[in-house]
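Here's the structure, in structure tokens; my notes come after.
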Protein chains: 2
Amino acid sequence: METETATRWLTDAEQCAWRTHLDVNRLLTHQLERDLQPFGLTMNDYEILVNLSESEGLRMRMSDLASATLQSKSRLSHQITRMENADLVRRENCESDRRGLFAVLTEHGLETMQRVAPHHVASVRRHFIDLLPEDALQELHKALTPVAEHLRSHRGKP
Amino acid sequence: METETATRWLTDAEQCAWRTHLDVNRLLTHQLERDLQPFGLTMNDYEILVNLSESEGLRMRMSDLASATLQSKSRLSHQITRMENADLVRRENCESDRRGLFAVLTEHGLETMQRVAPHHVASVRRHFIDLLPEDALQELHKALTPVAEHLRSHRGKP
DNA sequence: CCTAAAAGGTTGAAAGATGAACTAGCGAGG
DNA sequence: CCTCGCTAGTTCATCTTTCAACCTTTTAGG
């Protein structure tokens, strides 16, 4: 009688795939960050701008924004404070729930977003999308969707 | 005559694939980090242990380790200092080049590595590998390899 | 109603990451 | 055999992330 089950190590193929996946992520993140730097934005900033710009009234509740961007409330709070200092965003009270706050895109935030977006998209294409054959992207998406769901359902707090 | 080329925005399909990819990465990283936490290790720690344990003499030059793990020299230096305090690793001088240092796996580092590895592998399987159909993983790998190469060649310092 | 628990956010301190400036050793050209 | 530039690594200051403690408002129960 065994007290522990034998470990199912990764096969060579699995190992390669896994490491490549990890590497692509790190490298890609770095690269996108670099490409955004001349505009004085980080990926975090950008992602928040995108989320707000796609929302009605260019505003979102802090909590919703936190879970949309998969960050902790604390982290988001600091993040928004920084962006507030950069005049990209402003906080506004919520009438219907006096605990709540909205993060609202400022004029300058919107302009920044619109100015930067084309460059960022180009960057995403250059370093990722356009490097994949049309169908590979579809496959990727199909394969990754269940993983995302699994992880989403499975997670405690970010 | 146009002064700027029209932006090639992402199609819906591209957008979905891209966002899923981003999400999987973030969620997956979080999850793996969480699963490693009970053992007092971070993914960074773990990755370094792996690299060292696979090297001859259980040692690597700082620079090589830095580029193997895609970190800056500065970051690695701090990282190794922390791991040194945790007695996972020790620094050792290089005879042939007196500027150089080796990071060397300690006894305790090796034990830790061996004890934790099965759990980490299980975690990677549970949250990623085993969620993908056999061939999807191959596809993923084939698709991502050129991306990794592109990014590697393309990059300045981490 | 009144109270207790939960939800929405913020804050502060400690840990980690980043980038530039710095030290020391190597090595190639004059 | 100098010296000037390069490589290896560390350090310091600054910014970001994390975690736990903390308010305040809302909601649910009795």
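Reminder, nothing fancy here: chain letters follow the sequence lines and each chain counts from 1.
- Judged by distance alone with a 3.5 Å cut-off, no donor-acceptor contact links the side chain of B:His78 to the base of D:dG9.
- For A:Phe128 and B:His21, the ring centers sit closer than 6.0 Å to each other.
- Nearest-nucleotide assignment on DNA chain C puts the 5′-proximal partner with A:Arg91, out of A:Arg91 and B:Arg98.
- Residue-level contact check: A:Arg82 touches the bases, meaning some heavy atom is under 4.0 Å from a base atom.
- For B:Gln79, counting side-chain heavy atoms from C-beta on, the closest listed nucleotide (D:dC12, C:dA17, D:dA20) is C:dA17.
- Under 3.5 Å, the side chains of B:Arg82 and B:Gln79 contain a donor-acceptor pair of N or O atoms.
- For the OP1/OP2 pair of D:dT17 and a distance below 4.0 Å, the side-chain nitrogens and oxygens of A:Gln71 include no atom meeting the criterion.
- In terms of polar N and O atoms assigned as donor or acceptor, the side chain of A:Thr42 never comes within less than 3.5 Å of the base of D:dT16 in a complementary pairing.
- With DNA chain D read from its 5' end, the first of the two nearest nucleotides for A:Ser96 and B:Met62 is the one closest to B:Met62.
- When rounded to the nearest whole Å, the span between NZ of A:Lys73 and C1' of D:dC23 equals 12 Å.
- The CD-P distance, from B:Glu33 to D:dT17, rounds to 14 Å in whole Å.
- One atom, CZ of A:Arg59, and another, P of C:dG8, lie 18 Å apart when rounded to the nearest Å.
- Between the P atom of C:dG8 and the CZ atom of A:Arg75 lies a distance of 20 Å, rounded to the nearest Å.
- With hydrogens and angles left out, the side chain of B:Ser77 and the base of D:dT11 share no donor-acceptor pair within 3.5 Å.
- The nearest whole Å value for the distance from the CZ atom in B:Arg99 to the C1' atom in C:dC22 is 16 Å.
- Computed from coordinates, the A:Asn85 CG to D:dT16 C1' distance equals 14 Å when rounded to whole Å.
- The backbone N or O of A:Asp87 sits less than 3.5 Å from a side-chain atom of A:Thr106, completing a donor-acceptor pair.
- We find that CE of A:Met43 is positioned 22 Å from P of D:dC15, with the value rounded to whole Å.
- Going from atom CG of A:Leu76 over to atom P of C:dT10 covers 8 Å, rounded to whole Å.
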Taking distance alone, no hydrogens or angles, what donor-acceptor pairs closer than 3.5 Å link side-chain atoms of residues 134-143 of chain B to residues at least two apart or in another chain?
{"unit_1": "B:His141", "atom_1": "NE2", "unit_2": "A:Thr20", "atom_2": "OG1", "d": "3.4"}
{"unit_1": "B:His141", "atom_1": "NE2", "unit_2": "B:Thr145", "atom_2": "OG1", "d": "3.4"}

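- For the pair A:Arg8/B:Val121, no side-chain contact is recorded, criterion being any heavy-atom separation below 4.5 Å from C-beta on.
- Residue side chain A:Ser63 does not reach the base of C:dG8 through any donor-acceptor N/O pair under 3.5 Å, judged by distance alone.
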